[in-house]
Amino acid sequence: PAQPFLVELNEREQRTLVRRLVVKLVEAALSVAPRVRVAAVGGNHGEVRRGGKAITDASDNSDVEVIEQVAEIIAASEVAPRVSFIIPRDELALTLDVHGTIVGITHGHLAKRGSGAANKVQTWWQGQALGMRPVADATVLLTGHYHHLSVTEHGPRTHFQAPALCGPSAWYTDLTGVGASPSGALSVVIDENGWDHLRVLPCRS
């Protein structure tokens, strides 16, 4: 409830900041990799809301909108042949093949049933399998939403929940009572042998 009071930038300024940061991230990745793929899904904070309720469909999401803008910026640049984008229309979960490993991405806000964040995501993932949805084929699932790092193994499958970039997360502290969760960007290497080199890269002010 206090978030609008605590946020320093208005919505236009937030989108501008995100767009510039993603462009810089792509440029940094290109300095160490021959090709870069950028995939995005919408989350709950990108929904168009009125009175706290989403008022349009799932495709109308500012999280995805800023990535579309970055794609247009990159398409007009000299590095365009080296960068590809996976941008959904209204899908809230995507899969991509990374060295033979099927990786699923979703924000995590759809996982609501169960006790605790990891169990909620597991229940959601199991439902995707029952419905024969594409993300059911994933052996690695990446989510966010719950503001803390969590790595959970389900037999041959692994769920990585990313911590919040902003931090410490007052929401997580208030919700759990266990104190601040370290913030940062989740990084994991996936190759033909699976995943390795899990790190949370700290944010620099």
Side-chain angles (χ1 to χ4, degrees), residues 22 25-26 28-29 32-46 58 61 63-64 67 84-88 91-169 171-173 175-176 178-203:
V22 174
L25 180 61
V26 171
V32 295
R35 293 180 308 281
V36 172
R37 279 191 296 174
V38 180
V41 290
N44 56 305
H45 288 277
N61 192 294
D63 301 335
V64 179
I67 302 302
S84 60
F85 288 82
I86 304 169
I87 299 175
E91 301 89 349
L92 294 175
L94 294 178
T95 59
L96 52 154
D97 186 321
V98 180
H99 287 287
T101 295
I102 304 301
V103 177
I105 61 171
T106 189
H107 178 67
H109 64 298
L110 300 174
K112 298 178 179 178
R113 293 180 296 158
S115 174
N119 287 332
K120 289 179 180 179
V121 173
Q122 180 180 350
T123 299
W124 175 85
W125 205 359
Q126 288 171 333
Q128 303 301 297
L130 285 173
M132 301 179 71
R133 307 277 290 177
V135 75
D137 294 331
T139 54
V140 170
L141 180 65
L142 303 173
T143 67
H145 186 64
Y146 288 104
H147 293 221
H148 66 286
L149 174 66
S150 172
V151 180
T152 309
E153 292 184 323
H154 306 286
R157 304 177 192 249
T158 306
H159 166 221
F160 294 100
Q161 178 182 283
L165 281 172
C166 58
S169 172
W171 175 85
Y172 179 73
T173 301
L175 180 71
T176 65
V178 299
S181 174
S183 61
L186 178 66
S187 172
V188 61
V189 174
I190 297 174
D191 60 22
E192 58 275 5
N193 298 312
W195 68 268
D196 202 348
H197 302 290
L198 176 69
R199 292 184 62 194
V200 176
L201 307 174
C203 300

Enter the distance from [X]:[atom1] to [Y]:[atom2] here, rounded to the nearest 0.5 Å.
X	Y	atom1	atom2	value
Ile86	Glu91	CD1	CD	11.5 Å
Ser150	His159	OG	NE2	6.5 Å
Leu142	Phe160	CG	CZ	7.0 Å
Leu198	Leu186	CG	CG	5.5 Å

Where [X] and [Y] come nearest, the two heavy atoms and their spacing:
X	Y	answer
Ala129	Ala136	CA-CB, 3.4 Å
Ala29	Val36	CB-CG2, 3.7 Å
Ala117	Gln161	CB-OE1, 3.6 Å
Ile67	Val38	CG2-CG1, 4.2 Å
Asn61	Gly43	ND2-O, 3.0 Å
Trp125	Ala138	CZ2-O, 3.3 Å

| request: Return yes if some donor-acceptor pair links the side-chain N/O of Thr101 with the main-chain N/O of Gly194 below 3.5 Å, else return no. | output: no
| query | Just by distance, do the side chain of His148 and the backbone of Tyr146 share a donor-acceptor pair under 3.5 Å? | reply | yes
Is the shortest side-chain heavy-atom distance between [X] and [Y] below 4.5 Å?
X	Y	answer
Val135	Leu141	yes
Gln122	Thr152	no
Pro88	Leu94	yes
Thr95	Asp137	no

| query | Hey, is CZ on Arg133 packed in by over 12 heavy atoms from elsewhere, all under 6.0 Å? | reply | no
| message | Pairing donors with acceptors under 3.5 angstrom, does anything connect the side chains of His107 and His145? | response | yes
